[in-house]
There are 2 protein chains.
Amino acid sequence: MGRGRVQMKRIENPVHRQVTFCKRRAGLLKKAKELSVLCDAEIGVVIFSAHGKLYELATKGTMQELIERYGKYTGGPPADEPMVEPMDAKKEIEMLKQEIEILQKGLRYMFGGGCEYMSLNELLVLEIHF
Amino acid sequence: MGRGRVQMKRIENPVHRQVTFCKRRAGLLKKAKELSVLCDAEIGVVIFSAHGKLYELATKGTMQELIERYGKYTGGPPADEPMVEPMDAKKEIEMLKQEIEILQKGLRYMFGGGCEYMSLNELLVLEIHF
DNA sequence: GTCTATGTATAAAA
DNA sequence: TTTTATACATAGAC
């Protein structure tokens with residue numbers, strides 16, 4: 001890239017190093033975004049500069065979520081709490097939403113006043129829910 | 001890169017997508033290594049393929065260490081997350097339950113056929129929910 | 001995988 | 001910064 005080959009070792013000149021860091025950091029993050037979009041992958045990049053400053057990128061959600069997914073993948077649950085509780089909460093939310101759908105369907109049916117929107121079976125199911 | 005421009009959107013052809021994923025993934029990891037060496041930075045890259053397979057790179061130590069450093073940097077106690085998220089979930093559950101109550105009340109009213117169980121105001125509120 | 005033509009990234013310079 | 005010359009990455013074809 002550019003005029004002259006690059007030795008794969010730490011750039012000693014601090015100015016050159018800083019300039020290269022900025023340029024390549026931008027390039028790396030761009031490439032990561034592209035890969036994520038083109039291939040539908042979830043990617044996280046974390047960069048700590050030599051001076052300790054953080055640069056990060058997370059495609060598809062937050063870095064925290066990605067870290068959790070990473071933890072899940074690499075080995076069993078590193079912490080039971082964060083694994084079990086959100087699962088239960090999500091499940092409960094899902095069930096509640098389903099119930100709401102059923103109730104809404106029932107109401108639409110009642111207001112509409114016709115059976116065309118609801119089968120007898122669905123009506124029976126509805127009875128259970130109110 | 002290569003013969004022809006690339007649209008920055010998901011590659012639909014699964015074969016092309018897989019090939020591109022392999023090539024660009026290798027490229028991304030190489031770039032990350034180079035940046036780390038040239039500029040003395042600590043870098044972590046996590047890639048979940050569309051199929052859920054994990055690819056990772058951590059320069060200067062393990063990914064776990066990097067994640068810990070990240071957690072330290074982003075905001076002291078990582079214990080914040082497990083506190084906030086369950087709160088949101090509980091809030092959502094509460095709201096969903098409230099909605100269910102409203103819908104159930106509406107259904108009881110409709111089936112009962114009388115206004116005695118529901119004020120006009122409550123009826124108006126109900127309308128919003130279905 | 002390997003091979004190329006071509007598009008990109010970027011080192012150096014301005 | 002912006003420009004430029006080159007090295008590099010990679011899409012498409014085997």
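So you know, we letter chains A, B, ... as the sequences are listed, proteins then strands, and number each from 1. Because the structure is predicted, anything quoted here is derived from the model rather than measured. These values consider heavy atoms only, across backbone and side chains, with no hydrogens, waters or symmetry-generated copies.
The CZ-C1' distance, from B:Arg5 to D:dG12, rounds to 16 Å in whole Å. One can place CD of A:Gln7 at 13 Å from C1' of C:dA11, the figure rounded to the nearest angstrom. Going from atom CG of A:Leu38 over to atom P of D:dG12 covers 11 Å, rounded to whole Å. Between the C1' atom of C:dA12 and the CG atom of A:Asn13 lies a distance of 12 Å, rounded to the nearest Å. Atom NZ in B:Lys33 sits about 16 Å away from atom P in D:dC8, given to the nearest Å. Atom CD of B:Glu34 is separated from atom P of C:dA9 by 14 Å (rounded to the nearest Å). Atom CE in A:Met8 sits roughly 13 Å away from atom P in C:dT10 (whole-Å rounding).
Here the side chain of A:Glu92 pairs no donor or acceptor atom with the backbone of A:Ala89 at under 3.5 angstrom. B:Gln18 places no side-chain N or O within donor-acceptor distance of the main-chain N or O of B:Val15, the cut-off being under 3.5 Å. Counting only distance, with no hydrogens or angles, the side chain of B:Thr20 and the backbone of B:Arg17 share no donor-acceptor pair below 3.5 Å. Side-chain atoms of B:Thr59 come within 3.5 Å of backbone N or O of B:Ile43 as a donor-acceptor pair.
For residues 17-32 of chain B, proximity to DNA chain D is found at B:Thr20, B:Lys23, B:Arg24, B:Gly27, B:Lys30, B:Lys31, defined as any non-hydrogen atom under 4.0 angstrom from a strand atom.
Between B:Gly2 and A:Arg3, it is A:Arg3 whose nearest contact on DNA chain D lies nearer the 5' terminus. Closest-nucleotide positions on DNA chain C for B:Gly4 and A:Val6 were compared, and the one nearer the 5' end corresponds to B:Gly4.
Remark: B:Phe21 pairs with B:Tyr55 by the ring pair (Phe, Tyr, Trp, His ring centres under 6.0 Å) rule, at least two apart or across chains.
Checked against a 6.0 Å centroid threshold, the rings of B:Tyr70 and A:Phe48 do not count as neighbours.
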